[in-house]
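Input: a single structure, listed below in C-alpha cells.
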Number of protein chains: 2
Amino acid sequence: MPGTRLPARRTRTRGAGRPSGDEGDLRARLLDVAAARFSRTGIEATSLRAIADEAQVTPAMLHYYFGDKARFTEALIEERLLPALAPLREHLAAAGDEPRALMEAFARAVAEIVRRNPWLPPLWVREVLCEGGTLRELMFSRIVPSLPQLLAQRFAAAQARGRLNPRLDPRLLVVSLVGLTLFPAAGAPIWRRAFGAEELGPDVLLNHTLALLDHGVGAG
Amino acid sequence: MPGTRLPARRTRTRGAGRPSGDEGDLRARLLDVAAARFSRTGIEATSLRAIADEAQVTPAMLHYYFGDKARFTEALIEERLLPALAPLREHLAAAGDEPRALMEAFARAVAEIVRRNPWLPPLWVREVLCEGGTLRELMFSRIVPSLPQLLAQRFAAAQARGRLNPRLDPRLLVVSLVGLTLFPAAGAPIWRRAFGAEELGPDVLLNHTLALLDHGVGAG
DNA sequence: TGCGCCAAATTAATGGATGAATTAATTTAC
DNA sequence: GTAAATTAATTCATCCATTAATTTGGCGCA
C-alpha cells in the first residue's frame with residue numbers, strides 16, 4: 001500500500017549490512033538515547049530493550065557496541081556525563097577570587113550545562129546524589145575528589161580575607177550552591193506544573209539565584 | 001544443634017498461624033522496611049522480594065496485605081509519606097507573615113521531618129522531583145496543589161508590603177527554599193564523604209541556610 | 001569496468017535469570 | 001474447630017546476554 005507512512009527504518013526482514021550512514025554513528029545515537037531515557041526513568045529501571053526500541057534497533061546492538069549494561073553506563077559517563085560537566089571546571093578556573101565572581105561563574109556554568117544537556121540534572125540527582133545510585137561510585141572517583149574541595153577552599157580563603165559572610169561555612173556554601181542551581185533544574189517540570197508558569201526559564205532562575213546570594217531575602 | 005544462632009524468625013518449615021505479635025504489626029513493618037529500601041534503591045529498581053527478605057517474610061505477604069506493587073506504594077504514600085510531611089503545613093500555618101519567619105518555619109519543619117524520617121529526602125528527590133518518578137502523579141494530587149502556591153502567595157503579599165527583596169520572584173523563592181533544605185539532606189552521604197566532615201549535621205545546616213537567606217554571601 | 005569475496009553491521013531467535021502475582025497447603029491463636 | 005496468617009510452589013512475563021544467520025558496502029583483481 002504505497003503512500004502509507006512506514007517507520008523510518010526497519011524495512012529489511014533479516015540482517016542489515018554496513019553502516020547505513022543515514023543518521024550518523026549508531027553508537028553515538030545509542031548513548032544519546034540512553035542519556036535521555038536514563039534521565040527520565042532511572043538507570044536500573046530502564047531496560048536495554050526500551051533504549052534499543054527508541055533508537056529503532058535491536059537490543060543486540062547494545063551488546064555489539066558496548067558489551068553489557070555495566071560497560072554501557074561506563075561509556076555513558078566517560079563520553080557524555082564527564083564531557084558535559086567540563087565547562088564547570090573551565091568557568092571556575094577563569095573566575096577570580098571574589099566569592100561573588102566564583103558563585104556567578106558556578107551558576108552560569110550550570111545554566112549553560114543544563115541548556116546544552118537537559119537530561120543531566122535528573123540523571124545527576126537520581127544516580128549520583130541519591131544513595132545507591134548507579135553512577136555514584138564512578139562519579140566519586142572522577143569528579144568529587146577535586147571540584148567541591150577546591151571550591152570550598154577558595155571560599156575559605158575569601159572568608160579569611162573578610163570577603164565572605166563569616167556566619168557561612170565554605171563547605172556548606174558549596175552544597176547550597178549546588179542545591180540552588182541543580183535542584184530547580186532537575187525539578188523544572190514539577191515547578192512549571194505547580195505554578196503553571198512557563199516564564200521561569202533558566203535565565204530568570206540564574207538572576208534570581210544571584211539576587212538571593214547577593215543580599216538575601218531582606219528588602220534592603 | 002542447640003546453641004547455634006538462628007535467624008530471629010523463620011524456624012517453621014511451612015505455614016505460620018495467627019499474628020506472632022513478637023514485633024508488632026507486620027503490615028506496619030513492611031511499610032517501614034519499604035520506605036527505607038525504596039529510599040536507597042528506588043521504587044522501580046527494588047524488588048518486592050528484597051523488601052520481603054529484609055522483613056524476613058515471604059513475598060506473598062506483600063500480596064496478602066497490599067495486593068500488588070502499585071497499591072503497596074499507594075499505601076506507602078498514604079500512611080508514611082503524607083503523615084511525615086504534615087509538620088510542614090502546621091509550622092507554616094503557625095508562622096506569621098514576615099518572610100523571615102516563614103522561611104525559618106519552613107526550614108525548621110524540614111529539619112524536623114528529616115530527623116524523624118531519614119528515608120524521606122532521597123525518596124522525595126528520586127520519585128517525586130525527577131520526571132518519571134513513581135510517586136509523582138500521586139503526590140501531585142495530594143501535596144502540590146496547595147502548599148507551594150500558598151507559600152508563594154504569602155511571599156508575594158510580603159513583597160507587596162515592601163518586606164521582601166523586590167528582585168526575587170516569590171515562586172522561585174519557594175523553589176530555592178526547597179533546594180536549600182531538601183537537597184542537602186538527600187545528598188548528605190555524598191557531602192560527608194566529599195568533605196570528610198561529620199559535623200555538618202542538620203542543626204549546622206539549618207543555621208547556615210538561615211544565615212544565607214538573611215544577608216546573602218556578602219561580608220556585611 | 002565489472003565480478004566476486006570479505007568483513008562489518010545488523011537482525012532474529014534463544015537461554016537463563018529474575019520478578020510479580022497467584023494459589024494451595026499448612027500452622028496456630030482463639 | 002475455625003478462620004486468620006503465613007509459607008512453599010507455580011505461572012507468566014520481562015529482561016539481560018549471547019549466538020547464529022543474514023545483509024550489504026567496499027575492495028582486490030581481472
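Treat the numbers as computed from the prediction; the structure is a model and nothing was measured. Chain naming here is simple, since letters A, B, ... match the order of the sequence lines and numbering starts at 1 in each.
In this structure, L206(B) and R108(B) approach most closely via the heavy-atom pair CD2-NH1, 3.4 Å.
Across dT19(D), dC16(D), dT22(C), the shortest atom-to-atom separation from the side chain of A60(B) is found for dT22(C). For S47(A), whose side chain is taken as the heavy atoms from C-beta onward, the closest listed nucleotide among dT6(D), dT18(D), dC15(D) is dC15(D). When distances run from any side-chain atom of T58(A) to the nucleotides dC16(D), dA20(C), dA12(C), the shortest one goes to dA12(C). Relative to the side chain of Y64(A), the nucleotides dT10(C), dT6(D), dA17(D) differ in distance, and dT10(C) lies closest.
Across the protein-nucleic acid pair, I43(B) atom CD1 and dA20(C) atom C1' stand 16 Å apart, rounded to whole Å. As rounded to whole Å, 15 Å separates atom P of dT22(C) from atom CZ of F66(B). Atom pair L30(A):CG and dA9(C):P shows a separation of 13 Å (rounding to whole Å applied). The distance from atom CD of E44(B) to atom C1' of dG19(C) is 13 Å, rounded to the nearest whole Å. Distance L62(A) CG to dT11(C) P: 11 Å, rounded to the nearest Å. Rounded to whole Å, atom P of dT22(C) lies 15 Å from atom CE of M61(B). Between I51(A) atom CD1 and dT14(D) atom P there is a gap of 18 Å when expressed in whole angstrom units. The nearest whole Å value for the distance from the CZ atom in F72(A) to the C1' atom in dA17(D) is 15 Å.
Relative orientation of the W191(A) and F183(A) rings is tilted, given thresholds of 30° and 60° on the angle between their planes.
For the OP1/OP2 pair of dA17(D) and a distance below 4.0 Å, the side-chain nitrogens and oxygens of H63(A) include no atom meeting the criterion.
As judged by a 4.0 angstrom heavy-atom cut-off over every strand, Y65(A) is placed among residues touching the sugar-phosphate backbone only.
Classification of R27(A) and E79(A) as a salt-bridged pair holds, one side-chain N sitting under 4.0 Å from a carboxylate O. Using a cutoff of 4.0 Å between basic side-chain nitrogens and carboxylate oxygens, R126(B) and E44(B) are not scored as salt-bridged.
Using modelled atom types, one side-chain atom of T181(A) and one backbone atom of V178(A) make a donor-acceptor pair closer than 3.5 Å.
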